[in-house]
Each structure stands twice: as structure tokens, then as C-alpha cells.
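So the structure is just underneath, and the comments pick up after that.
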Amino acid sequence: MTETRSDVRRRRAGTARSAALVAALALLGVTGLSGATALATSGRTYTQQAYLKAASVGTNDWHGQAVDLDGDIAVVGAPTYSGSGTAGKVTVYVRDDSTWALEATLTASDTPANDVFGTSVAIDGDTLAVGNPRAGTSGQVYVFTRSDEVWTERAIIAGTVDDGRLFGTSVDLDGGTLVVGGIWDGSGGTTIGGAITVLTGADATWTRQAVLTSSNGDANDQLGTWVAIDGDTIVGGAYLEDGDGTDPENDGATSAGAAYVFVRTGTTWTQQAYLKAPSPDASDNFGNGVAVDGDTVLVGAPGDDDQGGGAGAVHVFTRTGTTWTHRTTLYASDIGTNGNFGSRVALQDGTAAVARQSGASDGGGVYLLVGAGATWTEEAIVRGDNAAAGDQNGTDVALDGQPVLVGAYREDSAATGVDPVGPPGPDDDSVTSAGAAYAIVSSDWTPTSAGGSVEPTAAVSLLALGGPETPAVAGGALRVPVTGGDPGIDILWRVRDAEGDVVLEGPVTLASDGSGLIDIVLPSTLTGTVELELVAWDVVRTLEVRSLVPTRIPAGGAPSGDRAPMDGGGAAVVIVLGLVLAITPAPRARRRNDVSSRPV
């Protein structure tokens, strides 16, 4: 059964609530459990899995200007391709096991010369949206669907005055919701500073659900240059907004930039937040790249000069209830002036991919960071194996498990197809700005740990340390061993209440023998039937949580036996899940990248 992107997101463990878990542990006096917030193993290295070129190349094609990824399908836009009288194309690649192949080259049915089909791309399952902001009067978006490995153009959606001009500058897809950015004011006399159009539908039928504008929009703010959607949350960047941070209407910092969060209730969308850097400065271009995953938003500010002129930065925000809070500012580890760190961002399950297109002779790069809330660690910097000065690795970036998909629209090779050895080969620099994309995976990646499906080497088990069918206790500690997974990978777990809402979630990294321990403190208010879920393998165990006397955890951390004494007598039952649960996992649905948004 194929799941939509929203379905997958509801199933997978995010990271925004990991900080809440740590806080809960601290309040209960737990020590020695800080490892519960670790989101990746240290020392991981990355290698190029595939070098992705178009079937034919030309000067200034800009293949890699836009990229997106859904499991084992990668799409790459070349908006200035001009072969055979067309203007722009999109190349689709598919992965079988660890081998990539070119599946299709798509062009628009109605595109005349000088259009830019492929400026933006977004894929979700077998649906692909392609932006062409110069088509028609105000720009157009094209919808393709895939059946039996054949792609067919199903719909052409034309922008209107209300959508803003250059409709299709950015696109993103989540299930049956399509989000489109139109960055210039329409011709209807209204100054809106750009707009984000929300459409719902499938195949050939798409209906406008809303046109979103900012609460303080001014001409040339360019809201919608970058968009991202996750379920009922949209974030849009307006990197030329001029607010100085003192008041939304005070335009004292030219092009400082802003981002806006919109949420959907039923079919109604409203603005939930106006996001700014803590100390906005002119030309920071905050909003020049946005990503959203659950209750976490990343906003790029490639013009930020705190680490040198144009060094760049990325800002992390998290949501509690309806309130968004700035948690930290991220900087590159190895770049100073004119690096433009933050020019593109992607986010998934506690992994952030941040592009730095320029600033050195290494051809740019993408920084992979792991963390949550205010704590992030840089894990690696990745780029194509043939990267050279000016290639601009990180023109665009996409995440969906693995690989990391990196666009480099200024790469100059005359090579064609997937992993060409030549001649011409990767180091043939005879076609200026033909462009390329790269699929990059970690050194411990295997096909069984790919985003498309996960099948551990053995059946995944949940084993309780208590007696059979021992109930959990509200406010108590829970320690659950996990066995039978692949060594060194991250297991993501969730606790859901009786209504199915996630109340706790976090990661655990498996040891070399494929085992690990999940340490949880159940909220004192949580009672009744709840579920513990291992997200990657669809393993679910039902628990009955009883409300007993308040418990207290010993200073040494979570107890290792069935009981732990409390001050003043009494006992705290702390272990649950009586029986071993051994389940052969179902294939995991593909996971989606969080952002697919591009410049014109």
C-alpha cells in the first residue's frame, strides 16, 4: 500500500520533542541518560554513490539548479536547457539497490523558447510538480504522474494576478497538497510582496485552497521565493523583507529578510508566525532557503556577516503549541568571507543539510548536521568527486533518508548519463555550466537501510525487563531493550496516547551487535492504554499505564531491576512490556524531503 507524504510523516519519529524528553528526565532527577538525545553516530564518512548528468548537455543548461528526492527517485531540473527548441527540462533517475539509472527526460508540452521549465521541482511518490515561472502571463506549474515507469503530463496550472507573478518560482508537494510561490506583485494594483498559493487535488484535477500573503508584506519582499510544507504547516521565505526586528512595520534593515509560518485548520489557512533573526542586519537575506519538519524550522541567511562578510548562517526555530522560539544560530566550521552558508537548507529526522555555494576553491559544498533544538553537531561536508572552483555544489539540496542529493548547476563536464567514465568523463570541462547532480551516502549505508525500505538483518524485538504483562506506571521510568537491528543505525521511537497523539519521541543508536536501550520517563498525567512504536519497522507494543503513587528515580539514573526504593518507603514499579515482541517488519514507506524550493 502506497502512503502519502503526510502519512509517512505521521509515522516517522521527528526530533523536535527530543528536548522535551531531556527536560522531563531532568525534572525527575534522572542522570546518565543524556545519550537519549544523540541523533547520529560520530565519525561517519560519506561517499559519492552516483554522478548524475543529463542524457544530453549544452552550455548553460544549469542541470542541478533544482533537485528533489523521494526514496529511490531523484529529479533534477535544467531550466535553461534549449535543445530541440524547448526551454528547460527535468531528468528523472531511479535507484535499484545501489545502482542509479536515468528513467526519463521531461519537457513541457507548451513551452516556447525563453521559458525556464525546471526552475523548481518537487516529487512525492509518483507525482511530480515542475515550476516554470516565465510561462504564460504570470507563470505556470506542470504536474506529471508515473505509471509503470512512464511519466505523463497531467495538468498545467496557470498563475493568476492573485497568485503573484513568477508563479512557479518555488514548489513543494505533500500528499494531495501542492504549494507554489509567486514572488512578484500582481498587476491588479495590490502590493502584496509575493504570495504562496495552496492547491489540493491529484492527477489532472487541482483546486486552489488558499492564496497566502504576509501580514506586513511590502513590494519586493519576494515572499514565496522558497517554500516548504509538512502536513498542515507551510513556511515561506521572504529574503528581501526589510524589517529591523523591532516591529513588523519598521523597515529599517534593507533585505534583512523574514520567514512566515502558515497553518491549516480544516481547509482554512492562517499565519501563525513571523520569524526574524535575533539581530537582523541589512542584506542578511534571512529566508533565502527554508525547511520544515514537524515542529522544527530551519531558515537560511546566506548574507549574514557575523563570521565575515557574506559568510552566512542558519537559524533554528522550534514550536511549542502555537509559539515559535529561536533556538540557535548555526555557522559553517571552515568558511569565512563570502561563503553564503545557508543558501539552501533541507531537514529530516534530526539531520540538516545546509548548502554553501561559494567562498572557496573547492566548488562549494553541503554541510550535514545532526541534532535538535539548540544542540547541533556538524558531521560532514559533502560535494561531488569532481568538484572544481565555481561549480557551486549546493545550488540545491534534498534529503530523504539517504542519499543526500546535491545540485551543482555550474559544473562544466560534457559527460552524459549516470556515472559516465568517458571520454568525455567527469573531468572534461568543455561545456560551461552544463550542470550536474550527485547522490551521496554514508559509508555505512546499505540498500537495507535506504529511505525506500528498511529490513533489519533479523526480526526487531522489544523486550521488557519486568515480569510478563507488568503494567507501566504514570510518572515512572521505562527501559526497553531493542534487539535484532542493523549495527550502528539509529532507531526512532514514539510513545502515543490513547488518542494516537505523540507524547514522547526520540532516537537510540544500536550497538555493534544490533542492540540498544530505550530509556523513557512517562509523564505523570499519562494514563490508560498507550503505544510504544519503533517507527522504521512499524513495530508497535500496547501498554497499560496505571496512575499510582508518584515515583522518584534514584540518583544513579534509571533502575536496572524491577523496583527502586523511594524516600520514606513505598515502591516505584518502573518496567513494562512483559513479553518479548518479535515482529518481522513490513517494508518502510518512502520518506520525503522537507523542502523543494528554487530561485528563478
Side-chain angles (χ1 to χ4, degrees), residues 183 193-194 216 218 220-223 225-226 235-248 250-260 274-291 297-317 324-347 352-369 371 374-378 381 383 389-397 410 595 597-600:
I183 63 173
N216 63 330
D218 291 324
N220 206 40
D221 282 356
Q222 297 201 10
L223 172 67
T225 308
W226 289 267
V235 58
Y239 78 115
L240 297 182
E241 190 263 359
D242 300 329
D244 61 9
T246 61
D247 183 275
N250 288 350
D251 293 338
T254 302
S255 300
Y260 299 84
Y274 166 57
L275 305 180
K276 295 284 290 183
S279 300
D281 292 322
S283 300
D284 277 355
N285 294 155
F286 175 94
N288 196 96
V290 296
V297 161
L298 300 184
V299 182
D304 185 283
D305 59 4
D306 288 353
Q307 305 297 308
V314 171
H315 297 268
V316 181
F317 298 82
W324 289 87
T325 303
H326 184 273
R327 300 302 304 277
T328 192
T329 303
L330 308 175
Y331 302 103
S333 61
D334 68 340
I335 198 67
T337 302
N338 297 323
N340 299 135
F341 178 80
S343 51
R344 301 289 183 276
V345 292
L347 178 65
V354 180
R356 184 262 294 164
Q357 296 181 16
S358 56
S361 60
D362 55 17
V366 171
Y367 295 67
L368 300 178
L369 303 101
T375 304
W376 293 81
T377 301
E378 183 182 298
I381 305 172
R383 57 181 62 87
D391 283 358
Q392 296 205 19
N393 277 251
T395 303
D396 201 9
V397 62
R410 292 289 194 181
V595 59
S597 46
R598 329 291 168 217
V600 178

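- When all heavy atoms are compared, the tightest approach of Gly243 to Tyr274 is CA-OH, 4.1 Å.
- Note that CG of Asn250 is 11.5 Å distant from CG of Asp242, once rounded to the nearest 0.5 Å.
- If you take OG1 on Thr325 and CG on Leu275, they are separated by 10.0 Å, rounding to the nearest 0.5 Å.
- Asn220 has its side chain out of reach of Ile183: every pair of non-hydrogen atoms, C-beta onward, lies at least 4.5 Å apart.
- Within the 4.5 Å cutoff, side-chain heavy atoms of Trp226 are placed close to those of Arg344.
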| request: Apply the test side-chain contact (heavy atoms from CB on, under 4.5 Å) to residues Ser283 and Thr254: give CA-CA distance (whole Å), side-chain angles for both, the deciding distance (0.1 Å), then the verdict. | output: CA-CA 6 Å; Ser283 300; Thr254 302; 5.9 Å; no
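- In this structure, Ala353 and Leu368 approach most closely via the heavy-atom pair CB-CD2, 3.9 Å.
- Side-chain atoms of Arg383 and Asp391, non-hydrogen and from C-beta on, never get closer than 4.5 Å to each other.
- Although no hydrogens or angles enter the test, the distance criterion places a donor-acceptor pair under 3.5 Å between the side chain of Asn216 and the main chain of Pro248.
- Within the model, atoms CG of Asn288 and CG of Asn340 stand 8.5 Å from one another, a figure rounded to the nearest 0.5 Å.
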| message | Val299 vs His326, test: side-chain contact (heavy atoms from CB on, under 4.5 Å). Steps then yes/no. | response | CA-CA 10 Å; Val299 182; His326 184 273; over 6 Å; no
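- A side-chain contact (heavy atoms from CB on, under 4.5 Å) with His315 is found for one member of Thr328, Thr329, Leu298 and no other, namely Thr329.
- Heavy-atom minimum distance, Gly342 versus Pro302: O-CD, 3.8 Å.
- Using a 4.0 Å cut-off between charged side-chain N and carboxylate O, Lys276 and Asp284 make no salt bridge.
- Residues Asp251 and Asp244 fail the side-chain proximity criterion, which asks for heavy atoms closer than 4.5 Å.
- Phe341 and Leu330 get closest at one heavy-atom pair: CE2-O, 3.4 Å.
- Looking at Asp334 and Tyr367, their side chains do bring a donor and an acceptor atom within 3.5 Å of each other.
- The salt bridge (Lys or Arg N to Asp or Glu O under 4.0 Å) check on Arg410 picks up nothing, with sequence neighbours excluded.
- Ser343 approaches Gly394 most closely through the heavy-atom pair OG-O, 4.5 Å.
- Across all non-hydrogen atoms, the minimal contact from Ala313 to Tyr331 is CB-CE2, 3.6 Å.
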